[in-house]
Peer 1: 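First the structure, then my questions, so here it is.
Bear in mind that the values here come from a model prediction, so they are computed numbers and not experimental data.
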Amino acid sequence: MDRLMDWFGSDVYECRLSRIRRFWEGDGRIMVTVDSSKDSYRQVFDEERMRRLAPGNLEALARSPGCNLPAFFADFGTVSTARYWGGKTFFPNPESQNIFIDPAAQTLEAALVLTAKAIDDPEMDAFKALRLFRKLSEQLETDRLWLRTPDFQGTLNTAGLILNQEEMLMSMFSEPETVHKFLDKISDFLIGYFLYMKMETGNRICGNIWPYTFLPSELGASFTEDMMPLLGPDEYREFGIPYVEKMSRAFGSVLIHCCGEWGRHAVNLKKSSARIRAMEFHYPFTKLEEIEILSDTTVFVPYVAIGHDQVKFRTVTEYYEHLLESSDSKTRFWFPFTGESEEALAFARKYGF
């Protein structure tokens, strides 16, 4: 028996998947997803423990309000794409769940001659993710499980983990053409990486580990672009935009995760040829009014830093209600929740599918 369909129900599953696809094509203003499970297996770095905890997470997901679908988080930390190029990974202390990586190269010249390991190398995270995905699918007797990629860092992010970040940033001014050669090499690898996972799952990738949206891989890819806050508009236009456009061409569209202040890049993103289905923004670092220029083509995925001294909202849901009330009715949002907050669950029941 397909345990996933026992939990979700085949009709509910198909209805939600259809609703999500229609939403990405412009049908509806709001999407809400909720993961209220206590069975967290994020960044535990123990494959067997991940596989043991995942079914409880999926069963809880089926009970949660919102337009939720079953997906496995293949989360091995932020170093997943950079590890292919070398560099020593380490944990800052034995109790930490945050993994770090020493840059494989300290100079741009050294970075240019690096060769990535094969995408299907058994020691690398794409292979590990696929192995766990297949084992879990077999365990649940299902062919309807989806996979969230290992932390899919975009071109600039991956480059900044492979090469000493200060060296890379300085080289943008001293050796721009060489930087582009390096970034082209990285972006080509990342495109191959995603297409490999897409093929091996039978097109059942549904996004990155951030944010908790659901983007079927036939519609596009989700990746992290956290270098945006470190660059000025001119630098990002030259060294960031071309690779967002390249990813968009390869995948059909992109969903971009970015922490921090990136509002100054909205104009250049709007002028680009990239099809940006969604952008995540973190208030108060980036404010909706700074990025509304994108709203006619892009869904916004908001996050609020509750407790920050600039935040006047008591809760996440209070901020989300404010966004709905203060924005144009054509501005579209995907509201993802985690945890068991009663307020979040009430919001999902009110606005969810």
Side-chain angles (χ1 to χ4, degrees), residues 15-34 65-69 206-208 210-216 218-223 225 228 233 236 241 244-245 247-248 251-305 311-313 315-337 344 346-353:
C15 188
R16 289 180 179 181
L17 183 56
S18 175
R19 176 70 189 92
I20 285 171
R21 287 182 170 134
R22 295 198 312 273
F23 177 80
W24 285 125
E25 295 302 336
D27 180 11
R29 187 185 183 199
I30 304 166
M31 185 63 71
V32 182
T33 43
V34 179
C67 196
N68 311 309
L69 284 175
C206 65
N208 195 6
W210 310 106
Y212 299 130
T213 53
F214 194 101
L215 180 63
E218 79 266 16
L219 300 179
S222 178
F223 60 86
E225 192 80 347
M228 281 200 291
Y236 189 69
I241 296 289
V244 174
E245 292 175 327
M247 301 276 252
S248 174
F251 307 137
S253 75
V254 294
L255 187 163
I256 299 174
H257 160 87
C258 181
C259 305
E261 299 179 13
W262 64 264
R264 61 186 175 276
H265 301 307
V267 171
N268 286 329
L269 287 166
K270 178 66 176 177
K271 291 178 179 178
S272 78
S273 65
R275 183 177 185 185
I276 303 173
R277 283 194 187 267
M279 290 284 298
E280 186 178 18
F281 72 99
H282 289 201
Y283 171 82
F285 315 111
T286 297
K287 301 176 177 64
L288 182 62
E289 54 266 30
E290 297 177 294
I291 60 176
E292 280 185 307
I293 191 174
L294 298 167
S295 64
D296 59 335
T297 56
T298 300
V299 172
F300 295 122
V301 185
Y303 175 85
V304 56
V311 174
K312 61 182 179 181
F313 305 98
T315 65
V316 171
T317 54
E318 187 177 306
Y319 177 58
Y320 288 176
E321 293 279 9
H322 166 76
L323 288 176
L324 290 172
E325 293 167 4
S326 62
S327 62
D328 186 279
S329 61
K330 294 181 180 178
T331 304
R332 305 174 71 231
F333 298 97
W334 190 305
F335 297 115
F337 289 96
F347 183 95
R349 293 185 188 106
K350 179 179 179 181
Y351 294 107
F353 177 74

Peer 1: Answer yes or no: is there a side-chain heavy-atom contact under 4.5 Å between Val34 and Phe347?
Peer 2: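 With C-beta onward as the side chain, the pair stays apart.
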
Peer 1: Quick one: does Glu245's side chain have a donor or acceptor within less than 3.5 Å of a partner on Ser273's backbone?
Peer 2: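 Checking the backbone N and O of Ser273 against the side chain of Glu245, a donor-acceptor pair under 3.5 Å is found.
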
Peer 1: Supply the atom-to-atom distance Leu215 CG to Ser222 OG, rounded to the nearest 0.5 angstrom.
Peer 2: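 If we round to the nearest 0.5 Å, Leu215:CG and Ser222:OG are 7.0 Å apart.
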
Peer 1: Might you point out which heavy atoms bring Pro302 and Pro336 nearest each other, and give the distance in Å?
Peer 2: O-CD, 4.4 Å

Peer 1: Do Ser253 side-chain atoms and Leu219 backbone N/O form a donor-acceptor pair below 3.5 Å?
Peer 2: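 Yes; judged by distance alone, with no hydrogens or angles, the pair exists.
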
Peer 1: CG/Leu269 to NZ/Lys271 distance, rounded to the nearest 0.5 angstrom?
Peer 2: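 Output value for this atom pair is 11.5 Å.
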
Peer 1: How about Glu261 and Glu290: do any of their side-chain heavy atoms sit closer than 4.5 Å?
Peer 2: no

Peer 1: When rounded to the nearest 0.5 angstrom, what is the spacing between SG in Cys67 and CZ in Arg19?
Peer 2: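 With rounding to 0.5 Å, SG (Cys67) is 7.0 Å from CZ (Arg19).
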
Peer 1: Return yes if some donor-acceptor pair links the side-chain N/O of Arg16 with the main-chain N/O of Asn68 below 3.5 Å, else return no.
Peer 2: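 Side chain of Arg16 to backbone of Asn68: a pair is present.
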
Peer 1: Whether the Thr213 and Arg277 side chains hold a donor-acceptor pair (N or O, under 3.5 Å, no angle test) is what I'd like checked.
Peer 2: no

Peer 1: Mind listing the closest non-hydrogen atom pair of Thr331 and Arg29 along with its distance?
Peer 2: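 Thr331 and Arg29 have their closest heavy atoms at O-NE, 2.7 Å.
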
Peer 1: Hey, does Pro211 have a side-chain heavy atom less than 4.5 Å from the side chain of Leu255?
Peer 2: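 Heavy-atom side-chain distance check passes, below 4.5 Å.
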
Peer 1: Hey, are the side chains of Phe300 and Leu288 touching, using non-hydrogen atoms and a 4.5 Å cut-off?
Peer 2: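 With C-beta onward as the side chain, the pair touches.
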
Peer 1: List the residues meeting salt bridge (Lys or Arg N to Asp or Glu O under 4.0 Å) with Arg332, not counting sequence neighbours, and say none if there are none.
Peer 2: none

Peer 1: So, for Pro284 and Val311, which heavy atoms are closest and what is the spacing to 0.1 Å?
Peer 2: CD-CG2, 3.6 Å

Peer 1: Where do Phe337 and Thr33 land on the side chain to side chain contact (heavy atoms under 4.5 Å, CB included) test, with the steps shown first?
Peer 2: CA-CA 6 Å; Phe337 289 96; Thr33 43; over 6 Å; no

Peer 1: Got Tyr303 and Val301 here, is their nearest side-chain heavy-atom distance under 4.5 Å?
Peer 2: no

Peer 1: Given 3.5 Å as the limit, does a donor-acceptor pair link the side chain of His265 with the main chain of Tyr236, or not?
Peer 2: no

Peer 1: Let's go through Phe214 and Leu17 carefully: what are the C-alpha distance in whole Å and the side-chain angles of both, what is the deciding distance for side chain to side chain contact (heavy atoms under 4.5 Å, CB included) to 0.1 Å, and is it a yes or a no?
Peer 2: CA-CA 9 Å; Phe214 194 101; Leu17 183 56; 4.2 Å; yes

Peer 1: Looking at Trp334 versus Phe23, is the centre-to-centre ring distance below 6.0 Å?
Peer 2: yes

Peer 1: For residues Ile291 and Met279, determine if any side-chain heavy atom of one lies less than 4.5 Å from a side-chain heavy atom of the other.
Peer 2: no

Peer 1: Enumerate the side-chain hydrogen bond (donor to acceptor under 3.5 Å, both in side chains) contacts for residues 280-289, please, sequence neighbours excluded, ordered by first and then second residue.
Peer 2: His257-Glu280, Glu280-His282

Peer 1: Working to the nearest 0.5 Å, report the span between CG of Asn268 and CD1 of Ile293.
Peer 2: 9.5 Å

Peer 1: So Thr297 and Lys270, do their side chains get closer than 4.5 Å, heavy atoms only?
Peer 2: yes

Peer 1: Step by step, work out the ring pair (Phe, Tyr, Trp, His ring centres under 6.0 Å) result for Tyr351 and Phe335.
Peer 2: CA-CA 10 Å; Tyr351 294 107; Phe335 297 115; 7.3 Å; no

Peer 1: Per the side chain to side chain contact (heavy atoms under 4.5 Å, CB included) rule, which among Leu324, Val299, Val32 passes with Phe333?
Peer 2: Leu324

Peer 1: What pairs with Lys350 under salt bridge (Lys or Arg N to Asp or Glu O under 4.0 Å), at least two apart in sequence or on another chain?
Peer 2: Glu321

Peer 1: Do Ser248 side-chain atoms and Val254 backbone N/O form a donor-acceptor pair below 3.5 Å?
Peer 2: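 Not at all, since once roles are kept as given, no pair shorter than 3.5 Å links the two residues.
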
